Amino acid sequence: TAKTLVDVGGGYGTFALAWVSSSPERDAVVVDLPGVAELSPAHPKIRRVSVDLLESCEMSSDGDIYFFANVLHLLPNWREVLGVARSAARHANAMLAVFEARPEGAAGRWFDLQIHLRSGRITSLLDPREIEEALGAATGSGTARFSYSASGDPFRREFQLTVSKVAG
């Protein structure tokens with residue numbers, strides 16, 4: 001029944017495009033850094049919002065799903081950003097969903113090192129238990145966890161999708 005996806009840190013809109021292509025009733029909002037929207041291809045069912053989440057945490061309040069794909073580990077204030085998304089989630093049955101690489105195993109450790117170095121030694125991959133706890137605290141309800149690995153990923157990374165419904 002979800003119709004509007006708010007893809008936080010959604011870049012050029014890859015997930016949003018898949019979302020709107022899956023049903024004629026769906027639309028999406030992609031939230032990313034200023035300048036990203038101007039470089040992204042336009043789509044009639046995808047609205048773009050330019051926000052630097054390190055400075056301002058404005059969120060669209062019309063989302064059914066607030067989706068964070070491979071972005072929370074880039075934000076030292078990630079817990080605050082989840083809280084802002086929770087406050088913005090005003091629809092009944094709205095959900096917050098976090099898709100992040102797992103830091104365990106050899107592939108996870110190498111990916112973690114890459115993120116840590118690329119961020120100027122500020123951030124790294126998040127512990128999946130911390131994501132679950134923070135998501136549950138933000139939504140006031142339990143979480144569901146799904147594991148994923150792509151057979152074609154040359155790095156053999158494992159990912160986790162953690163989802164939580166916003167409590168009433």
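Computed from a predicted model, the values in this text were never measured in an experiment. By convention here, the first residue in the shown sequence is residue 1.
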Derivation and outcome, side-chain contact (heavy atoms from CB on, under 4.5 Å), residues Ile65 and Thr4
CA-CA 7 Å; Ile65 299 176; Thr4 301; over 6 Å; no
Criterion side-chain contact (heavy atoms from CB on, under 4.5 Å) on Trp78 and Leu53, from CA distance to verdict
CA-CA 9 Å; Trp78 67 273; Leu53 295 173; over 6 Å; no
Please step through side-chain contact (heavy atoms from CB on, under 4.5 Å) for the pair Asn93 and Thr1, ending with a clear verdict.
CA-CA 9 Å; Asn93 300 318; Thr1 61; 5.9 Å; no
Given the rule in the side-chain contact (heavy atoms from CB on, under 4.5 Å) test, do Asp64 and Leu5 qualify, once you have shown the distances and angles that lead to the verdict?
CA-CA 6 Å; Asp64 296 308; Leu5 172 76; over 6 Å; no
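The hydrophobic cluster containing Val31 also contains Val166, counting ILVMFWY residues as joined when their side-chain heavy atoms lie under 4.5 angstrom apart, directly or transitively. Following chains of ILVMFWY side-chain contacts shorter than 4.5 Å, one cannot reach Phe146 starting from Val71, and the two form parts of different hydrophobic clusters. Leu161 and Ile131 are members of different hydrophobic clusters when ILVMFWY side chains are connected at heavy-atom separations under 4.5 Å. Each of Val84 and Val30 belongs to its own hydrophobic cluster when Ile, Leu, Val, Met, Phe, Trp and Tyr are linked at side-chain heavy-atom distances under 4.5 angstrom. A single hydrophobic cluster is not seen to contain both Leu135 and Met95; linkage of ILVMFWY side chains at heavy-atom distances under 4.5 Å, directly or through other members, places them apart.
Annotation: side chain to side chain contact (heavy atoms under 4.5 Å, CB included) contacts of Arg47 (sequence neighbours excluded): Val29, Val49, Ser60, Asp62. Residues satisfying the side chain to side chain contact (heavy atoms under 4.5 Å, CB included) test with Phe15, not counting sequence neighbours, are Asp7, Phe67, Ala69. Residues meeting the side-chain hydrogen bond (donor to acceptor under 3.5 Å, both in side chains) test with Asp127, sequence neighbours left out: Arg129. Taking Ser40 as the reference, Tyr12, Val36, Arg48 meet the side chain to side chain contact (heavy atoms under 4.5 Å, CB included) condition, with sequence neighbours excluded. Residues passing the side chain to side chain contact (heavy atoms under 4.5 Å, CB included) test with Ala101 are Phe111, Leu125, Phe159, sequence neighbours excluded.
Val20 is listed as a side-chain neighbour of His43, based on a closest heavy-atom distance under 4.5 Å. Looking at Pro76 and Leu54, their side chains come closer than 4.5 Å, going by heavy atoms from C-beta outward. Residues Tyr148 and Phe99 meet the side-chain proximity criterion, which asks for heavy atoms closer than 4.5 Å. Taking the side chain as every heavy atom from C-beta outward, Asp27 and Ile46 never approach each other to under 4.5 Å. Looking at Phe68 and Val81, their side chains come closer than 4.5 Å, going by heavy atoms from C-beta outward. Looking at Leu96 and Val163, their side chains never come closer than 4.5 Å, going by heavy atoms from C-beta outward.
When all heavy atoms are compared, the tightest approach of Glu132 to Thr162 is CG-CG2, 3.7 Å. Heavy atoms only, all atoms of each residue included: Ser50 and Gly35 are closest at OG-N, 4.3 Å. Between Asn70 and Leu74, the closest heavy-atom pair is O-CD1, 4.2 Å.
Of the options Glu100, Arg102, Glu104, a side chain to side chain donor-acceptor pair (under 3.5 Å) to Gln160 is made by Arg102 and by none of the others.
Within the structure, every pair that satisfies the salt bridge (Lys or Arg N to Asp or Glu O under 4.0 Å) test and touches residues 73-89, not counting sequence neighbours, is listed here: Arg79-Glu130.
Put simply, NE2 on His91 and NZ on Lys3 are 10.5 Å apart, with the number rounded to the nearest 0.5 Å.
Checking side-chain atoms of Ser23 against main-chain N and O of Trp19 turns up no donor-acceptor pair under 3.5 Å. Within the 3.5 Å criterion, the main-chain N or O of Leu82 finds no donor-acceptor partner in the side chain of Tyr66.
For Lys45, the NZ atom is densely surrounded, since the number of other residues' heavy atoms within 6.0 Å is greater than 12.
Side chains of Thr143 and Ser164: a donor-acceptor N/O pair is absent below 3.5 angstrom, by distance only.
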